[in-house]
Number of protein chains: 2
Amino acid sequence: MRGHQVTIKDIAKMLHISPSTVSRALKDHPDINPQTKKNVQDLAKQMNYKPNKVALSLLQQESKIIGVIIPEIIHHFFSTVISGIEKVANDAGYHIIICQSNESYLKEVENVQALLSSNIDGFIISMAKTTTRFEHFKNIEEVGVPVVFFDRPCEEIKADRVIVEDYNGAYNATMHLIENKCKNIVHFAGPQNLAIGIDRRNGFLDALKEKRYPIHDYTIQYCDTFKHAQHLIPELLLVHPEIDGVFAVNDETAVGAMIAIKKLNKQIPSDIAVAGFTNSFISYMTDPELTTVDQKGYEMGQSAAQLLLNRMQSYDDFEPVTKTLNTELIIRKSSVRI
Amino acid sequence: MRGHQVTIKDIAKMLHISPSTVSRALKDHPDINPQTKKNVQDLAKQMNYKPNKVALSLLQQESKIIGVIIPEIIHHFFSTVISGIEKVANDAGYHIIICQSNESYLKEVENVQALLSSNIDGFIISMAKTTTRFEHFKNIEEVGVPVVFFDRPCEEIKADRVIVEDYNGAYNATMHLIENKCKNIVHFAGPQNLAIGIDRRNGFLDALKEKRYPIHDYTIQYCDTFKHAQHLIPELLLVHPEIDGVFAVNDETAVGAMIAIKKLNKQIPSDIAVAGFTNSFISYMTDPELTTVDQKGYEMGQSAAQLLLNRMQSYDDFEPVTKTLNTELIIRKSSVRI
DNA sequence: AGGGTTGTTTCAAACGTTTGCAACAAATAG
DNA sequence: CTATTTGTTGCAAACGTTTGAAACAACCCT
């Protein structure tokens with residue numbers, strides 16, 4: 001038969017006193033007789049009493065839980081962010097509950113609803129690729145639960161956010177490819193309904209413009225997964241063998257491109273130089289190692305959690321804060337031509 | 001000012017009826033006047049009423065939440081398992097709350113306590129490397145919450161478990177190296193307080209024994225991380241240049257070894273063949289691609305969740321079930337000598 | 001008219017905890 | 001010897017929801 005956690009009532013019954021006395025004894029309330037206090041505390045310890053968080057949550061209207069909604073946990077970047085969030089949250093006495101949207105709008109809505117009705121104290125969210133309607137976020141706003149967006153913010157919602165300098169990161173990576181004598185660089189871009197997709201693309205384009213590089217119809221390719229890059233590279237190089245540089249919106253895509261390029265017996269970086277974005281741990285496991293833009297996942301998670309904790313202190317008609325982490329170009333062998 | 005979710009009481013007040021009537025109206029109870037029902041349902045919809053899960057959880061002593069405790073989310077294997085768990089759990093109307101132990105015993109204990117006092121309906125756990133005491137698991141047993149272990153079970157606890165054929169997987173991988181003419185294979189082994197560490201080591205050793213290969217004092221190296229492997233390889237090959245095969249307890253370690261081997265200007269697989277364990281996605285991003293044993297993360301997660309759901313149905317003095325998934329040797333270029 | 005049925009609604013308790021206030025005894029003050 | 005203080009404990013309400021039982025009116029049956 002299923003037992004249950006020891007409750008204050010159990011202790012009260014065993015000592016023939018009232019639950020309120022037990023409650024006060026446990027928190028060292030001055031009104032309670034020292035002997036009673038000792039009895040209660042000893043018994044509580046012996047029986048391994050732990051306060052029921054659900055009851056507390058209902059009573060105090062706060063759960064000490066932060067809801068985190070991310071696209072996919074299997075991406076190294078997101079699991080890094082989660083680690084950062086968890087660190088800061090735990091240190092402040094909070095736990096996190098993680099939900100995946102799997103890049104699906106419907107799943108994201110479902111997750112928001114589920115978390116809202118679980119008395120969550122705050123949200124940390126990175127939007128799904130496919131999300132183009134925002135009622136569910138508005139709903140959070142109405143209920144008055146603080147939200148922090150990271151990496152993929154929702155522009156329609158008044159909320160704090162943490163992002164990286166996507167534009168600068170992309171600009172720097174592209175400049176680096178240009179300095180390494182790439183004449184014909186293509187960009188594997190992310191979806192343009194996300195700011196990261198737009199900003200990285202613009203950083204790339206502006207670097208080309210600054211150096212008066214021509215922009216062809218094939219310069220921007222919408223391709224942001226490992227598999228797609230593997231298929232796209234052979235097709236692309238067949239038509240445009242002059243391509244000698246690839247800058248991808250994320251590391252997986254860059255690695256997919258690298259593998260496909262090597263299969264065509266082209267050398268990296270001498271024939272084609274490659275750079276990615278994220279600095280995922282795969283970037284130093286490839287051969288050659290991948291040049292990439294460090295997206296600071298762990299720090300991003302920490303900042304997001306910190307912003308949320310701050311916002312939970314003072315929520316009344318606030319001015320949203322945007323924290324922008326600076327990126328760092330990590331130069332490795334996939335792009336350096338001697 | 002922070003608002004709040006609409007409650008049954010709010011609706012009751014607005015319609016000048018009692019909360020119980022509202023409750024019944026919402027669930028289409030036959031006792032309720034059709035007109036009242038309609039009023040309630042319309043207003044509830046309009047005000048976007050969602051039942052408060054915390055209140056339900058307290059009342060019904062079930063939360064529809066499954067607690068998942070894993071060592072580290074950033075490992076691809078674990079995030080794959082989580083995806084499998086989430087799929088099955090969500091389909092059954094459950095949500096999961098994920099906690100990381102970071103391979104720390106203390107953090108694991110803390111997580112168990114926190115989840116226990118949150119009215120969790122069940123646990124899915126993979127033990128931390130450093131866990132050698134089990135009171136916290138015993139505690140779960142006492143309270144009567146069902147547990148399923150995966151990948152790294154606790155031998156002292158009566159609980160269902162999902163594991164892979166670690167022994168067979170290791171045996172097959174080792175045999176494969178032998179068939180590819182490796183004469184001097186070392187094993188980078190995991191910690192021996194975990195069954196996976198023991199079983200994979202034994203599978204390796206038994207394959208050697210069967211082929212009457214000598215077992216030297218350096219044949220087993222305790223090394224199970226990327227970094228450690230990178231440091232260990234140069235030291236090891238300096239003393240034992242005759243080594244021509246490495247079988248690592250996981251893919252990260254295998255990749256660490258590969259990179260270090262390549263740095264020494266040795267060829268893989270011709271000088272040294274390498275095999276790993278997990279079939280993480282990094283295994284096909286390396287050059288050469290890594291031969292490995294598929295650990296079936298997603299399926300493992302699904303099975304674990306399914307076992308837990310079953311056990312939640314019938315918990316009374318059960319006989320624990322162990323589900324063993326068969327492994328599959330994925331042969332890639334890092335081990336095939338022509 | 002008394003009893004019973006039917007339809008509809010409300011009451012009250014329960015889940016575990018906290019906390020303002022009331023209650024009570026004993027001790028002290030006036 | 002009453003009045004107040006002090007020390008200690010218990011009551012009851014609250015958080016949001018469900019649910020058995022009670023309540024009540026309106027109706028029908030004998």
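Within every chain, numbering begins at 1; the chains are lettered A, B, ... in the order of the sequence lines, protein sequences first and strands thereafter. The structure presented is a predicted model; accordingly, all values stated were derived computationally and were not measured.
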TODO: Give Ser57(B) one of three labels, base, sugar-phosphate or nothing, depending on what nucleic acid heavy atoms sit under 4.0 Å from its own.
DONE: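 No contact.
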
Open item on the list: Between P on dT6(C) and CD1 on Ile32(B), what's the gap in Å once rounded to a whole number?
Closed with: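 So the CD1-P distance, Ile32(B) to dT6(C), works out to 18 Å.
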
Open item on the list: Show every ring pair (Phe, Tyr, Trp, His ring centres under 6.0 Å) that has at least one partner inside residues 97-118 of chain A, sequence neighbours left out.
Closed with: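 Applying ring pair (Phe, Tyr, Trp, His ring centres under 6.0 Å) to every pair that reaches into residues 97-118 of chain A, excluding sequence neighbours, yields Tyr105(A)-His136(A).
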
TODO: Any ring pair (Phe, Tyr, Trp, His ring centres under 6.0 Å) involving residues 42-94 of chain A? Give me the pairs, sequence neighbours left out, ordered by first then second residue.
DONE: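 Sorted pair list: His76(A)-Phe281(A).
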
Task: Qualifying salt bridge (Lys or Arg N to Asp or Glu O under 4.0 Å) pairs with a residue from residues 59-87 of chain B, counting only residues at least two apart or across chains - done: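 Pairs touching residues 59-87 of chain B that pass the test: Lys107(A)-Glu86(B), Lys87(B)-Asp91(B).
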
- [ ] Only pairs at least two apart or in different chains count here, so list each salt bridge (Lys or Arg N to Asp or Glu O under 4.0 Å) that has a residue in residues 39-50 of chain B.
- [x]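 Qualifying pairs: Lys38(B)-Asp42(B).
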
- [ ] Mind checking salt bridge (Lys or Arg N to Asp or Glu O under 4.0 Å) for Glu108(A) and listing every partner two or more places apart, or none if nothing turns up?
- [x]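 Expected list: none.
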
- [ ] Check salt bridge (Lys or Arg N to Asp or Glu O under 4.0 Å) between Glu319(A) and all other residues, then give those that pass, not counting sequence neighbours.
- [x]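 Result, salt bridge (Lys or Arg N to Asp or Glu O under 4.0 Å) vs Glu319(A): none returned.
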
- [ ] For Ile17(B) and for Lys50(A), locate the closest nucleotide of DNA chain C by heavy-atom distance; then report the residue assigned to the nucleotide nearer the 5' terminus.
- [x]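 Nearest nucleotide further toward 5': that of Ile17(B).
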
TODO: Kindly write out the residues that satisfy ring-ring contact (aromatic ring centres under 6.0 Å, His included) with Phe149(B), not counting sequence neighbours, or none if the list is empty.
DONE: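 Expected list: Phe137(B).
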
- [ ] Please list, chain by chain and in numerical order, all residues satisfying ring-ring contact (aromatic ring centres under 6.0 Å, His included) with Phe134(B), sequence neighbours excluded.
- [x]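 So Phe134(B) forms no ring-ring contact (aromatic ring centres under 6.0 Å, His included) with any residue.
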
For residues 27-34 of chain B, dump all side-chain donor-acceptor pairs below 3.5 Å to protein atoms at least two apart in sequence or in another chain.
unit_1   : atom_1 : unit_2   : atom_2 : d
Asp28(B) : OD1    : Lys37(B) : NZ     : 3.4
His29(B) : ND1    : Asp31(B) : N      : 3.1
Asn33(B) : OD1    : Gln35(B) : N      : 2.7

Open item on the list: Return a single string for nucleotides 18-28 of chain C, one symbol per nucleotide in 5' to 3' order, where B is base contact, S is sugar-phosphate-only contact and - is none, cutoff 4.0 angstrom on heavy atoms.
Closed with: BBB--------

- [ ] Answer yes when Arg152(A) and Glu103(A) have at least one side-chain N-carboxylate O distance shorter than 4.0 Å, and no when they do not.
- [x]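 A salt bridge is present here (some side-chain N lies under 4.0 Å from a carboxylate O).
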
TODO: Rounded to 10°, tell me the angle between the two end axes of the helix from dA1(C)-dT30(D) to dG30(C)-dC1(D), each built from five pairs.
DONE: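 Here the local axes at opposite ends form an angle of 90°.
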
Open item on the list: Students should find this one: the first and last nucleotides of DNA chain D, 5' to 3', lying under 4.0 Å from a heavy atom of chain B. What are they?
Closed with: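 Terminal contacting nucleotides, 5' to 3': dC15(D) to dA21(D).
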
